[in-house]
Colleague: 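Take this structure, written in structure tokens, and hold onto it; I'll ask about it next.
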Amino acid sequence: MLPRLAFFLIIIYFLFWLYLSFTITLLKQQILTSILIIMYIDLEVKTALIVHGFDENNQEIVERVQETDYVRKLISIDRIQSISKQYLLVTSSHGRMMYWEYNCSIDELKQLLHRNSLMIN
């Protein structure tokens with residue numbers, strides 16, 4: 001009788017330990033999510049290209065946009081995928097990607113990112 005009781009208590013202890021560790025993991029995730037800080041940069045940009053996806057031959061479906069004026073935007077750093085001398089590649093809604101022209105030099109943009117601790121050498 002005693003070995004069965006000991007085995008039963010070990011199983012109960014193990015299940016309780018699993019429950020506690022799972023609960024603690026969920027709480028950690030909730031805390032980290034609630035204190036998430038979103039970083040932005042302030043830039044003047046205009047849309048140059050919108051990539052709407054890919055066709056049956058795996059070629060990009062690209063819309064060329066002819067905007068003439070730059071628009072000042074606060075851009076979430078999380079949206080920026082890459083930066084070239086001419087374009088910012090940013091994510092957009094519905095799985096689209098956009099190429100934005102920016103109204104400064106790449107060196108000025110790098111300095112802006114550096115000043116705000118958003119870039120590593």
Side-chain angles (χ1 to χ4, degrees):
M1 179 74 178
L2 190 56
R4 282 186 179 172
L5 180 60
F7 179 73
F8 180 72
L9 289 174
I10 290 171
I11 295 295
I12 295 292
Y13 174 78
F14 178 73
L15 291 174
F16 182 69
W17 178 82
L18 279 176
Y19 171 76
L20 280 179
S21 63
F22 180 72
T23 303
I24 289 170
T25 301
L26 284 178
L27 284 173
K28 284 181 188 176
Q29 288 175 347
Q30 288 175 348
I31 289 169
L32 289 174
T33 302
S34 68
I35 60 170
L36 179 65
I37 297 172
I38 299 174
M39 308 278 301
Y40 293 88
I41 59 170
D42 184 358
L43 282 179
E44 288 184 353
V45 296
K46 63 181 177 180
T47 303
L49 303 167
I50 302 173
V51 180
H52 292 281
F54 297 88
D55 65 15
E56 62 278 354
N57 296 320
N58 207 26
Q59 299 297 311
E60 289 182 331
I61 301 168
V62 178
E63 174 187 351
R64 297 191 187 286
V65 180
Q66 299 297 322
E67 289 186 354
T68 56
D69 297 325
Y70 287 93
V71 177
R72 188 172 180 189
K73 291 186 180 192
L74 289 175
I75 304 163
S76 171
I77 293 299
D78 293 340
R79 290 184 63 193
I80 299 173
Q81 302 301 305
S82 69
I83 301 171
S84 69
K85 286 185 180 182
Q86 187 174 4
Y87 298 115
L88 286 177
L89 175 61
V90 295
T91 56
S92 185
S93 62
H94 308 293
R96 292 180 293 205
M97 302 294 282
M98 299 173 80
Y99 289 88
W100 288 346
E101 291 182 37
Y102 52 94
N103 195 18
C104 62
S105 71
I106 192 166
D107 291 329
E108 291 170 320
L109 182 52
K110 285 169 63 176
Q111 288 174 2
L112 175 66
L113 293 169
H114 252 303
R115 277 195 311 270
N116 291 292
S117 301
L118 299 172
M119 189 170 135
I120 301 170
N121 276 342

Colleague: Which is it for Ile41 and Leu109 under the side chain to side chain contact (heavy atoms under 4.5 Å, CB included) test, yes or no, and what are the steps along the way?
Modeller: CA-CA 10 Å; Ile41 59 170; Leu109 182 52; 4.2 Å; yes
Colleague: Nearest 0.5 Å please: distance from the CD1 atom of Ile11 over to the CZ atom of Phe14.
Modeller: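 These two atoms lie 7.5 Å from each other.
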Colleague: Taking side chain as C-beta onward, heavy atoms only, is Phe54 less than 4.5 Å from Ile61?
Modeller: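 No, every pair of side-chain atoms sits at 4.5 Å or beyond.
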Colleague: Taking transitive links into account, so neighbours of neighbours count too, which hydrophobic residues share a cluster with Tyr87 at under 4.5 Å side-chain distance?
Modeller: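 Leu49, Val51, Val62, Leu89, Met97, Tyr99, all in the cluster of Tyr87.
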Colleague: Among Ile80, Val71, Leu88, Leu74, find the residue that satisfies the side-chain contact (heavy atoms from CB on, under 4.5 Å) test when tested with Leu43.
Modeller: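 Single side-chain contact (heavy atoms from CB on, under 4.5 Å) partner of Leu43 among Ile80, Val71, Leu88, Leu74: Leu88.
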Colleague: So, do Arg72 and Asp42 sit near enough that their side-chain heavy atoms are less than 4.5 Å apart?
Modeller: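 Result yes, sub-4.5 Å side-chain heavy-atom pair found.
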Colleague: Grab the two heavy atoms, one from Ile106 and one from Tyr102, that are nearest each other, plus how far apart they are.
Modeller: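 Looking at all heavy atoms of both residues, the shortest contact is CB-OH, 3.5 Å.
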Colleague: Please report the closest heavy-atom contact between Trp100 and Lys73, naming both atoms and the distance.
Modeller: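 Taking Trp100 first and Lys73 second, the nearest heavy atoms are CZ2-NZ, 3.7 Å.
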Colleague: Take Ile75 and Tyr40, measure what side chain to side chain contact (heavy atoms under 4.5 Å, CB included) needs, and give me the verdict at the end.
Modeller: CA-CA 5 Å; Ile75 304 163; Tyr40 293 88; 5.7 Å; no
Colleague: Walk me through it: do Val45 and Asn103 pass the test side chain to side chain contact (heavy atoms under 4.5 Å, CB included)?
Modeller: CA-CA 6 Å; Val45 296; Asn103 195 18; over 6 Å; no
Colleague: Suppose the criterion is side-chain hydrogen bond (donor to acceptor under 3.5 Å, both in side chains): which pairs have a residue in residues 57-67, not counting sequence neighbours?
Modeller: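 Applying side-chain hydrogen bond (donor to acceptor under 3.5 Å, both in side chains) to every pair that reaches into residues 57-67, excluding sequence neighbours, yields His52-Glu63.
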Colleague: Could you give me the CA-CA distance, side-chain angles and deciding distance for Tyr70 and Glu101, then say whether side chain to side chain contact (heavy atoms under 4.5 Å, CB included) is met?
Modeller: CA-CA 8 Å; Tyr70 287 93; Glu101 291 182 37; 3.8 Å; yes
Colleague: Nearest 0.5 Å, please: how far is NE2 in His94 from CD1 in Ile50?
Modeller: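 These two atoms lie 11.5 Å from each other.
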Colleague: Can you measure from OG (Ser117) to CE (Met39) and round to the nearest 0.5 angstrom?
Modeller: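 That separation rounds to 7.0 Å.
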Colleague: Verify the neighbour count for atom NZ of Lys110: are there more than 12 heavy atoms of other residues, nucleotides or ligands below 6.0 Å?
Modeller: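 12 or below, so no.
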Colleague: Quick check: does any side chain N or O of Arg79 sit under 3.5 Å from a backbone N or O of Thr91, one acting as donor and the other as acceptor?
Modeller: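 Looks like yes, one N/O pair under 3.5 Å.
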